[in-house]
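All remarks here apply to the structure that follows.
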Number of protein chains: 2
Amino acid sequence: MKLKDSNTEERIMEAAKAVFMKYGLYGARMQDIADTAKINKALLHYYFRNKEKLFDQVFDGALSRYFEQMEVIHDDSLPILERILIYVVQIIDFLSEYPQMSMFIIKEISINEKLFKEKVHKIKRNKNANILTILEKSRKFNEIPDIDPVLFLIHLHSLCSYPFLAAPIFKVITENSNIPFHDPSNLKLKQSVKDYVIYTLTKKSI
Amino acid sequence: MKLKDSNTEERIMEAAKAVFMKYGLYGARMQDIADTAKINKALLHYYFRNKEKLFDQVFDGALSRYFEQMEVIHDDSLPILERILIYVVQIIDFLSEYPQMSMFIIKEISINEKLFKEKVHKIKRNKNANILTILEKSRKFNEIPDIDPVLFLIHLHSLCSYPFLAAPIFKVITENSNIPFHDPSNLKLKQSVKDYVIYTLTKKSI
DNA sequence: TCATAGTTTAACCAAATGGTTAACGTTTGT
DNA sequence: ACAAACGTTAACCATTTGGTTAAACTATGA
């Protein structure tokens, strides 16, 4: 029986997440990960063989969690409008918890597009609860106005994701400035995006 | 008189832009820049002394161009609504021409926040035509409805920027898929964002 | 208790990296 | 034409980097 008195492997993963998310595959340093995890560098290779393997575990985990949150819409018993409003809150809460994740995934995909193609396609296969599929079906049944579902989805993700993506800029700009904006728990953001959804999915249908 | 028969310096700058924008300061390799520019690696140091100096030139140029486009609103003789609609087109056209620039600036600031603070503050000083200043003034004079100018601006930038930020994901997802979305010259995007602006700045005022 | 397997460490290695140098080539003003 | 300044190159250097190894340490089961 193995005893996990010292959770070295987990600490490496946590450190690897932090360092890879900040610096990316190329920019990250194994020594940096080891220092962050407070373990000997050789243990990185003992547990994860090499940098690519370690990165893959971090990236795969991030990718599946990301698409699970961004692509899957729940509560299929509710009307489409309610479902999307819940989806908005779901996304914002998720991005609020992992604010660096969008940036990480987008950046790494842009650097090594070919390598990640199959990974992305392997993951996004939950057709039943896919947000775009649901939107297109609702459109077909005239449950929502005659809008472009793809463009609507892009806007929705824009409104939810960009504030977290651009947070580093906002932080630098607003510090030492008197720009009046505070949004604890993202309440204003959520309400404002919800307003947009309601307007787009109801107003235009009249 | 100096003759610039071989424009080595320019070619280095172009190569440096490409490589730094893709990999960032940490991830970029001087040899990669030299290869891209098709010159000897030593010339990088001959013209730009070292990696940090070269990066600074690239980053400073990007930063000033970025804030010039994202922060400055023109045509001060027009009504505020028209000005913002032109501003939307200005931003989208700019991001369309330099799709990697947002990502580059955000990422580098997030990695080295402290170093870039003064740079950002040095640049954003064009108070007269600052978009937020204009919005707040229009709000004060009741030219626009009672909305939060900062939140409105965040939404505006979200709608304009995110499609280019997330382009690497879209590309991977839509390839080999039958997702129906094509937007040459970003016409749909522009119109849709304009619609949002018009709705927000007129509808709510009633 | 003791041998075995699993875990951790310091020392080490080869390759890659940012940077330098000295020699060579080219342009330019006189 | 020619020397000085400018531009370019290959070879080189010190450090950093990802990765390995052999020895040491620790827990476990018999």
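Order of the sequence lines sets the chain letters (A, B, ...), proteins ahead of strands, with each chain counted from 1.
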Between A/Phe170 and A/Phe181, ring centroids under 6.0 Å: no

Ring centre gap for A/Phe59 and A/Phe116 strictly below 6.0 Å: yes

Under the side chain to side chain contact (heavy atoms under 4.5 Å, CB included) test, residues paired with B/His45 that sit two or more places apart: B/Met30

Residues in side chain to side chain contact (heavy atoms under 4.5 Å, CB included) contact with A/Ala18, at least two apart in sequence or another chain: none

Nucleotide C/dT17, atom C1' - distance to CG of B/Leu54 in whole Å: 15 Å

salt_bridge(A/Lys190, A/Asp93) N-O dist < 4.0 Å: yes

Listing time: all N or O pairs from protein to nucleotides 13-15 of chain C that are below 3.5 Å?
none

Protein proximity profile, nucleotides 8-20 of chain D - base contact B, sugar-phosphate-only contact S, no contact -, cut-off 4.0 Å on heavy atoms: BBB------SBBB

A/Tyr23 six-ring centre to A/Arg29 NZ/CZ under 6.0 Å and within 45° of normal: no

Partner set under side-chain hydrogen bond (donor to acceptor under 3.5 Å, both in side chains) for A/Arg83, not counting sequence neighbours: none

Sequence neighbours excluded - salt bridge (Lys or Arg N to Asp or Glu O under 4.0 Å) pairs with any residue from residues 43-56 of chain A: A/Asp56-A/Lys119

